[in-house]
Protein chains: 2
Amino acid sequence: MASTAPTLRSLARTLGLSRTTVSDALRGSPRVDPGTAARVKQAAKEAGYRRNPLAGALMSELRRSRGTAFRGVLAAVDFNEPDRPGYAARFHRELVLGAEARATELGFKVEKFAVGHAGVFVQRLDSILQSRGIHGVILLPAWDEPDLSNLDWSRFAGIYTDYIIERPALHSVCSDHYRSLLAALQRLAVLGYHRPGLLLQKRQDERLQYRWGAAFRAFQESHPAIRPLPPLIVETFTREEFARWFRRYKPDVVLAHHTEAIDWMESCGADLPVTHGFVSLNVLMKTRPCAGLDLQPRALGARATELLIAQLHRNETGIPDWPSTTTIPARWVDGPTLRTKAPAK
Amino acid sequence: MASTAPTLRSLARTLGLSRTTVSDALRGSPRVDPGTAARVKQAAKEAGYRRNPLAGALMSELRRSRGTAFRGVLAAVDFNEPDRPGYAARFHRELVLGAEARATELGFKVEKFAVGHAGVFVQRLDSILQSRGIHGVILLPAWDEPDLSNLDWSRFAGIYTDYIIERPALHSVCSDHYRSLLAALQRLAVLGYHRPGLLLQKRQDERLQYRWGAAFRAFQESHPAIRPLPPLIVETFTREEFARWFRRYKPDVVLAHHTEAIDWMESCGADLPVTHGFVSLNVLMKTRPCAGLDLQPRALGARATELLIAQLHRNETGIPDWPSTTTIPARWVDGPTLRTKAPAK
DNA sequence: GGCCATGTTCGGACTGTCCGAGATTTTGCC
DNA sequence: GGCAAAATCTCGGACAGTCCGAACATGGCC
């Protein structure tokens with residue numbers, strides 16, 4: 001049957017000290033006489049005392065805020081990119097909306113900080129965050145990889161909402177591109193498409209360590225009924241290069257980021273969805289109705305926020321020993337660019 | 001300047017009710033008269049009241065335990081697999097050790113539950129967990145994919161320490177095979193190996209949605225200096241089939257799970273590390289010293305545990321809306337099966 | 001009017017922290 | 001040796017919510 005576990009207060013009674021001295025001693029506060037601290041630690045060990053981290057986190061938060069209108073604040077750091085495309089700006093907005101909603105649910109709030117890439121801005125950010133008492137930092141995606149090594153990470157918990165960044169290596173949250181493409185290709189196979197073609201900008205694949213291309217190949221190799229057409233991966237698209245590729249390999253469905261590809265397919269005589277299909281790899285980029293993948297930026301922002309808050313609750317600042325990547329699969333979005341069922345055989 | 005945020009108690013004073021009635025009303029308890037509940041909710045809205053989830057989590061834990069020797073208990077569910085290989089048993093043990101250490105740090109403890117695959121065992125597990133007051137469930141890896149859909153997930157938060165399982169879809173934590181293989185291949189390239197060969201059991205690649213093979217291909221395609229040798233992916237290895245592949249394609253380094261491959265390489269005249277290299281894809285499987293990847297089961301177990309506890313603290317049971325996968329990269333382990341620096345050109 | 005069941009509201013108790021303040025000790029000066 | 005100041009050491013107020021047993025109120029029945 002259950003017996004009472006030793007608590008701070010019961011230890012204090014045993015030692016003839018106040019619960020504050022015991023707490024301070026166990027936390028290594030320099031206020032406590034070293035001899036007293038040693039006695040306390042020994043007694044705690046002998047009693048089998050185990051600290052409750054949840055109680056510690058709450059009491060710390062309560063005491064720090066001291067009755068003011070406290071809400072933990074998270075900084076959403078957005079790197080200044082004047083020429084950021086519209087879809088990327090929308091993606092960022094969705095990320096922040098997701099972060100804000102989740103932060104509110106968990107008793108926090110989010111404030112945006114726009115910063116440049118130059119090191120001078122990073123140091124300024126450091127002092128701003130410290131003066132505001134902000135310890136949680138959400139880093140929004142950046143096309144160029146920013147260098148944040150000069151931020152004093154011992155004071156902050158940070159998380160990327162982008163694929164892995166290394167300077168410094170923090171936890172990250174992003175879409176599961178690999179798995180989402182596999183699922184999309186599976187869905188297309190069920191719809192009777194046997195010649196899928198992939199269209200990528202080189203840089204987009206590189207940023208994800210080639211996951212788009214790798215998933216595409218893996219699917220082809222594991223499904224003998226699928227014709228292994230080579231993907232078109234180029235620095236910059238041209239209508240001509242696309243047309244050459246399209247005519248030569250005759251894909252029956254094209255997967256690409258830009259819906260501009262639909263125009264190019266139609267220029268080659270395709271009649272969507274009668275003769276060919278199209279799938280966008282990021283429906284935030286579409287400029288016309290189509291089927292595709294919703295990379296779910298709101299869900300990503302929400303998840304990043306809850307992981308960050310969990311870190312703060314565990315009082316974990318600094319660069320993690322083993323940074324992890326959390327991925328969420330994209331959500332399929334139906335559209336008028338695909339047939340609705342497989343043709344009769 | 002800061003002003004005091006409304007709290008449960010201040011709302012109660014305003015309404016002339018007890019703080020319990022206000023708390024019950026806001027939580028939707030049926031104990032509260034509907035008219036009173038409506039008044040409370042309206043007043044809370046007008047005052048801008050915001051609940052503190054951390055306080056709620058702690059107080060709930062304190063009240064539920066009611067002074068007993070409470071420690072949150074997590075169940076580590078291990079599926080009964082009598083013919084599980086030794087390395088897999090070691091992997092499971094490491095996972096549990098990591099889970100136990102992290103659970104202790106966070107004020108929880110872990111208990112193992114061995115269960116069969118049959119549905120009847122799942123229902124029994126359900127009642128055991130409920131009677132024990134256990135809400136957090138860590139699911140250890142299983143070679144066959146178990147079906148846990150019949151567990152009453154509304155009462156539990158669960159997490160897989162394996163690659164994605166779908167019945168039901170929960171959050172999961174596993175090694176980042178794709179990224180780890182890319183990093184390993186990069187390291188081998190730096191050491192001057194230009195003809196890496198990959199040896200896989202088909203089932204091992206399938207389980208990971210072909211991530212081993214995909215990473216291998218992606219690396220070859222993105223590094224023109226690397227000869228694109230086809231991997232050897234078979235149902236079951238034979239020395240003869242390996243020898244044929246090895247003699248035909250002449251890899252200068254072999255990456256495989258089993259160190260048995262070293263014997264086969266030596267049978268073909270290889271002299272490690274003088275003439276060829278070897279890298280294990282899971283050093284827990286090695287039966288002799290070699291270089292390789294440490295998939296870090298302890299770190300995986302620890303991370304799974306902290307994610308699960310964070311869910312419990314947020315009172316999130318049930319099947320998540322968007323199950324995520326958290327991956328941690330493997331740690332490189334040096335060994336005597338590789339040259340220590342690139343040969344002079 | 002008393003009793004019982006149901007509905008509604010209340011209150012005890014709480015696993016730790018921060019920091020201002022009080023008590024005690026130590027040090028330096030006359 | 002006494003006194004004042006500084007340093008050291010320890011203490012205590014206060015705490016953003018929850019659970020569930022208990023108290024109180026109400027209505028129906030005998």
Side-chain angles (χ1 to χ4, degrees), chain A residues 2-13 15-37 39-40 44 47-72 106-108 133 313 315, chain B residues 2-13 15-37 39-40 44 47-72 106-108 133 313 315:
Chain A
S3 61
T4 303
T7 66
L8 219 81
R9 284 178 172 75
S10 66
L11 267 183
R13 282 194 292 275
L15 289 156
L17 294 168
S18 76
R19 72 202 182 293
T20 296
T21 301
V22 174
S23 176
D24 283 341
L26 293 177
R27 276 183 295 103
S29 170
R31 292 181 173 219
V32 183
D33 175 53
T36 304
R39 280 175 53 221
V40 169
Y49 168 78
R50 184 80 56 69
R51 175 178 180 268
N52 180 345
L54 192 59
L58 175 66
M59 298 304 172
S60 182
E61 185 176 291
L62 292 189
R63 288 297 86 222
R64 283 186 205 266
S65 69
R66 202 168 282 290
T68 63
F70 180 83
R71 286 296 169 193
L106 299 177
F108 280 71
H313 284 166
N315 273 324
Chain B
S3 60
T4 303
T7 66
L8 218 82
R9 283 179 173 75
S10 65
L11 267 183
R13 283 194 291 276
L15 289 156
L17 294 167
S18 78
R19 72 204 182 294
T20 296
T21 301
V22 174
S23 174
D24 284 340
L26 292 176
R27 277 183 295 104
S29 171
R31 290 182 174 216
V32 181
D33 176 52
T36 304
R39 277 175 56 222
V40 169
Y49 169 78
R50 183 80 55 73
R51 175 179 180 269
N52 181 343
L54 192 60
L58 175 67
M59 298 305 172
S60 180
E61 185 177 290
L62 291 191
R63 290 297 89 221
R64 283 185 205 266
S65 69
R66 200 168 282 292
T68 64
F70 179 84
R71 284 299 168 192
L106 299 177
F108 280 70
H313 284 164
N315 274 323

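Labels below follow one simple rule: chain letters A, B, ... track the order of the sequence lines, proteins then strands, and each chain is numbered from 1.
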A.B. asks: Where along nucleotides 20-27 of chain C does protein come under 4.0 Å, by heavy atom, of base (B) or sugar-phosphate alone (S), with - for untouched nucleotides?
C.D. replies: BB------

A.B. asks: Quick one: A:N52 CG to C:dA13 P, roughly how many Å, whole number?
C.D. replies: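 Atom-to-atom, A:N52 to C:dA13, this comes out as 20 Å.
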
A.B. asks: Can you tell if the side chain of B:M59 reaches within under 4.5 Å of the side chain of B:L62, non-hydrogen atoms only?
C.D. replies: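 In contact.
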
A.B. asks: Who pairs with B:R39 by side-chain hydrogen bond (donor to acceptor under 3.5 Å, both in side chains), at least two apart in sequence or on another chain?
C.D. replies: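 If we apply the side-chain hydrogen bond (donor to acceptor under 3.5 Å, both in side chains) test to B:R39, skipping adjacent residues, there are no hits.
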
A.B. asks: Rounded to the nearest Å, what distance is computed from the NE2 atom of residue B:H313 to the C1' atom of nucleotide C:dT15?
C.D. replies: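 So the two atoms are 12 Å apart, to the nearest Å.
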
A.B. asks: In Å and rounded to the nearest 0.5 Å, what is the OG to CG distance from A:S23 to A:L11?
C.D. replies: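 Here the interatomic distance stands at 11.0 Å.
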
A.B. asks: With rounding to the nearest 0.5 Å, note down the distance linking CG in B:L58 to CZ in B:R63.
C.D. replies: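 These two atoms lie 10.0 Å from each other.
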
A.B. asks: Considering all heavy atoms of both residues, which atom of A:A44 and which atom of A:L26 are nearest to each other, and what is their separation?
C.D. replies: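 Minimum heavy-atom separation between A:A44 and A:L26: CB-CD2, 4.0 Å.
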
A.B. asks: Return the set of residues passing side-chain contact (heavy atoms from CB on, under 4.5 Å) with B:S18 (not counting sequence neighbours), or none when no residue passes.
C.D. replies: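 Expected list: B:T20, B:T21.
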
A.B. asks: Name all residues meeting the side-chain contact (heavy atoms from CB on, under 4.5 Å) criterion together with B:A57; count only those two or more places apart in sequence or in a different chain, and write none if there are none.
C.D. replies: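 Result, side-chain contact (heavy atoms from CB on, under 4.5 Å) vs B:A57: A:L54.
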
A.B. asks: Base, sugar-phosphate, or nothing for B:R27, non-hydrogen atoms under 4.0 angstrom?
C.D. replies: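 Sugar-phosphate only.
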
A.B. asks: Just how far, in rounded Å, is C1' of C:dT8 from CZ of B:R39?
C.D. replies: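 Taking CZ of B:R39 and C1' of C:dT8, I get 13 Å after rounding.
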
A.B. asks: Would you say C:dC10 has OP1 or OP2 under 4.0 Å from some side-chain N or O of B:T21?
C.D. replies: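 The answer is yes; a side-chain N or O of B:T21 sits under 4.0 Å from OP1 or OP2.
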
A.B. asks: Without decimals, in angstroms, what is the distance between A:R13 CZ and D:dC11 P?
C.D. replies: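 A:R13 atom CZ is separated from D:dC11 atom P by 14 Å.
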
A.B. asks: Among C:dG16, C:dG11, D:dG12, which nucleotide sits nearest the side chain of B:R19?
C.D. replies: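 Given the options C:dG16, C:dG11, D:dG12, the side chain of B:R19 is closest to C:dG11.
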
A.B. asks: What is the nucleic acid contact for A:S23, judged by heavy atoms within less than 4.0 Å: base, sugar-phosphate only, or nothing?
C.D. replies: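 Base contact.
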
A.B. asks: Does anything in residues 20-30 of chain A form a salt bridge (Lys or Arg N to Asp or Glu O under 4.0 Å)? List the pairs, not counting sequence neighbours.
C.D. replies: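 As it turns out, the salt bridge (Lys or Arg N to Asp or Glu O under 4.0 Å) pairs with a partner in residues 20-30 of chain A, which skip direct neighbours, are A:D24-A:R27.
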
A.B. asks: Given C:dT9, C:dC19, C:dG12, identify the nucleotide with an atom nearest to the side chain of B:R63.
C.D. replies: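 Among C:dT9, C:dC19, C:dG12, the one nearest the side chain of B:R63 is C:dG12.
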
A.B. asks: Look at the side chain of A:D33 and decide which nucleotide, out of C:dT8, D:dT10, D:dT18, has an atom nearest to it.
C.D. replies: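 The answer is D:dT10, which lies nearest to the side chain.
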
A.B. asks: When you get a sec, tell me which of C:dC14, D:dG13, D:dC9 is the closest nucleotide to the side chain of A:P34?
C.D. replies: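 Among the listed nucleotides, the one closest to the side chain of A:P34 is D:dC9.
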
A.B. asks: With DNA chain D as reference, determine whether A:T36 or B:A57 sits nearer its 5' end, using the nearest nucleotide of each.
C.D. replies: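 By nearest-heavy-atom nucleotide position, the 5'-most residue is A:T36.
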
A.B. asks: What contact category does B:L58 fall into here, base, sugar-phosphate, or nothing, at under 4.0 angstrom with non-hydrogen atoms?
C.D. replies: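 Touches nothing.
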
A.B. asks: For the side chain of B:R9, counting heavy atoms from C-beta on, which of D:dT18, D:dG17, C:dG16 is nearest?
C.D. replies: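 Of all the options, the side chain of B:R9 is nearest to D:dG17.
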
A.B. asks: Select one nucleotide: of C:dG16, D:dG13, D:dG17, the one nearest the side-chain heavy atoms of B:L8.
C.D. replies: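 So the side chain of B:L8 is nearest to D:dG17.
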
A.B. asks: Can you tell me how far the CG atom of A:L8 sits from the CZ atom of A:R13, to the nearest 0.5 Å?
C.D. replies: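 These two atoms lie 10.5 Å from each other.
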
A.B. asks: From the options D:dC19, C:dT15, C:dT9, select the nucleotide whose nearest atom is closest to the side chain of B:S60.
C.D. replies: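 Looking only at heavy atoms from C-beta outward on B:S60, the closest nucleotide is D:dC19.
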
A.B. asks: Specify the separation, in whole Å, of atom CG of B:L26 and atom C1' of D:dT18.
C.D. replies: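 To the nearest whole Å, that distance equals 12 Å.
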
A.B. asks: Under 4.0 angstrom, heavy atoms only, what part of the nucleic acid is B:L17 near: base, sugar-phosphate, or nothing?
C.D. replies: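 Sugar-phosphate, backbone atoms only, no base.
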
A.B. asks: With nearest nucleotide decided by heavy atoms, which residue, A:G56 or B:D24, maps closer to the 5′ end of DNA chain C?
C.D. replies: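 Here B:D24 is the residue nearer the 5' end.
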
A.B. asks: Expressed as a whole number of angstroms, how long is the span from A:L11:CG to C:dG16:P?
C.D. replies: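 It works out to 9 Å between those atoms.
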
A.B. asks: Could you tell me how far apart A:L54 (CG) and C:dT15 (P) are, to the nearest whole angstrom?
C.D. replies: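 Nearest whole value for this atom pair: 14 Å.
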
A.B. asks: What's the shortest heavy-atom distance between B:V32 and B:A37, and which atoms?
C.D. replies: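 Closest approach of B:V32 to B:A37: CG1-N, 3.9 Å.
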
A.B. asks: Report the residues that fulfil side-chain hydrogen bond (donor to acceptor under 3.5 Å, both in side chains) with A:S29, sequence neighbours left out, ordered by chain and then residue number.
C.D. replies: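 A:S29 satisfies side-chain hydrogen bond (donor to acceptor under 3.5 Å, both in side chains) with no residue once adjacent residues are dropped.
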
A.B. asks: Is there a donor on the side chain of B:R50 or the base of D:dG17 sitting less than 3.5 Å from an acceptor on the other?
C.D. replies: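 Looking at the base of D:dG17, it does not pair with any donor or acceptor on the side chain of B:R50 (distance under 3.5 Å).
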
A.B. asks: With each end axis built from five pairs of C1' atoms, what bend angle do you get for the helix from C:dG1-D:dC30 to C:dC14-D:dG17? Round to 10°.
C.D. replies: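 The two end axes of the helix from C:dG1-D:dC30 to C:dC14-D:dG17 meet at 30°.
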
A.B. asks: Map B:G16 and A:M59 onto DNA chain C by nearest heavy atom, then report which one ends up closer to the 5' terminus.
C.D. replies: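 It is B:G16, whose closest nucleotide lies nearer the 5' terminus.
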
